[in-house]
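Structure, as structure tokens:
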Amino acid sequence: MVRLIVHGGAWNIPEEYHPAHVQGVRRAIETVYPRLKEGQSALDAVEAAVAMLEADPTFDAGRGAFLNERGEIELDALIMDGASLDFGAVAAVQNLLHPVSLARRIMEESEHCFLVGAGAQAFARSLGIPELKPEELLTERELEFYRAVRDDPHFKPHHPFQDGPRGTVGAAALDCAGNIAAATSTGGSPRKLPGRVGDTPVVGAGGYADNRLGGVSATGWGESIMKVLLSKTVCDLFHTHTAGEAARRGISILATRVQGMGGVVGIHKNGDYAVAHNTPKMAFAYAGEDGSIVAGIESRLRI
Ligand code: GLY
């Protein structure tokens with residue numbers, strides 16, 4: 001039994017963006033799931049799936065990320081190994097297409113779990129990871145959006161119902177050895193203060209994996225997701241609830257305890273998939289045992 005599920009953000013995704021979102025999440029499953037079936041590790045699968053979504057300008061991760069208040073891109077990512085509970089995280093890095101891969105190398109090649117900003121970039125440089133020019137991550141869509149909101153005194157970096165492209169990306173996988181992994185990557189929120197870090201790279205908030213429970217990746221309003229450690233909360237609920245119930249209860253805690261907004265995808269250790277959100281929509285895809293792919297924009301409120 002192997003499993004792979006990805007998401008491309010939970011927000012009020014306008015209809016004109018639906019095809020690109022569905023295509024992006026579907027392509028990640030289509031590409032990575034066959035390799036997972038052939039024996040790829042869960043860690044390699046979540047890194048590969050998230051890297052594809054980072055390279056896709058549709059999403060708020062890697063290329064296509066939001067600009068902060070200074071008009072710069074700062075990226076955050078997390079990867080976690082459910083076998084050992086090792087994780088790697090990176091925050092506020094610039095000029096890298098694949099922060100998830102830097103997070104993986106921090107996990108595997110440093111003495112640390114979490115590096116930020118200039119220090120994280122120096123570590124990337126020491127590993128020979130290529131840096132891009134800022135404009136290589138920038139899309140015309142995000143530049144226009146930044147110009148439209150930068151002087152608006154009423155603009156809030158995170159209002160889940162406001163229009164504008166956004167979409168943290170993430171994945172969870174279960175491999176044929178029974179190992180579970182999760183990964184999440186984001187450009188954060190539009191017009192965020194420089195140095196702002198949301199839920200994504202915070203272990204237990206933006207993602208969590210434990211072979212004894214399952215794996216989860218979260219998306220949405222980071223300031224609220226962090227307060228309830230949403231991904232760890234859902235993983236803990238896997239212990240006593242079915243996959244779907246755990247995800248819905250986690251989102252219900254987010255909504256009622258901190259008036260938060262967001263979504264989760266996950267895999268229960270028994271192999272069942274979990275999808276829940278309280279945003280108007282969420283982009284996600286997963287693979288069935290026979291290789292069939294379910295990909296779409298979920299638009300029902302699931303709690
Ligand atoms: N969930 C992504 C962020 O708030 O940064």
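Both counts, for ligands and for their atoms, begin at 1 and track the order of listing.
Each of the following atoms of ligand 1 lies closer than 4.0 Å to a heavy atom of Thr200: 1 (N), 2 (C). The ligand atoms of ligand 1 that sit less than 4.0 angstrom from a heavy atom of Thr186 are 2 (C), 5 (O). Close contacts between ligand 1 and Gly220 involve ligand atoms 1 (N), 2 (C), 3 (C), 4 (O) [criterion: under 4.0 Å to a heavy atom]. For ligand 1, the atoms closer than 4.0 angstrom to any heavy atom of Thr168 are 1 (N), 2 (C).
For the pair Asp199 and ligand 1, the shortest N or O to N or O distance falls below 3.5 Å. Considering backbone and side-chain atoms alike, Gly222 places an N or O below 3.5 Å from some N or O of ligand 1.
Residues that satisfy the salt bridge (Lys or Arg N to Asp or Glu O under 4.0 Å) test with Glu54, not counting sequence neighbours, are absent from this structure.
A distance-only check finds no donor-acceptor pair linking the side chain of Glu108 to the backbone of Arg105 [under 3.5 Å].
The shortest heavy-atom contact between Ala120 and Val90 is CB-CG2, 3.7 Å.
At least one heavy atom of Arg196 sits under 4.0 Å from some atom of ligand 1.
For the residue pair Gln94 / Glu72, a side-chain donor-acceptor distance below 3.5 Å is found, with atom types taken as modelled.
For residues 253-262, no residue pair satisfies the side chain to side chain donor-acceptor pair (under 3.5 Å) rule, not counting sequence neighbours.
Using the six-membered ring where Trp is involved, Trp11 and Tyr17 have ring planes that are tilted, between 30° and 60° apart.
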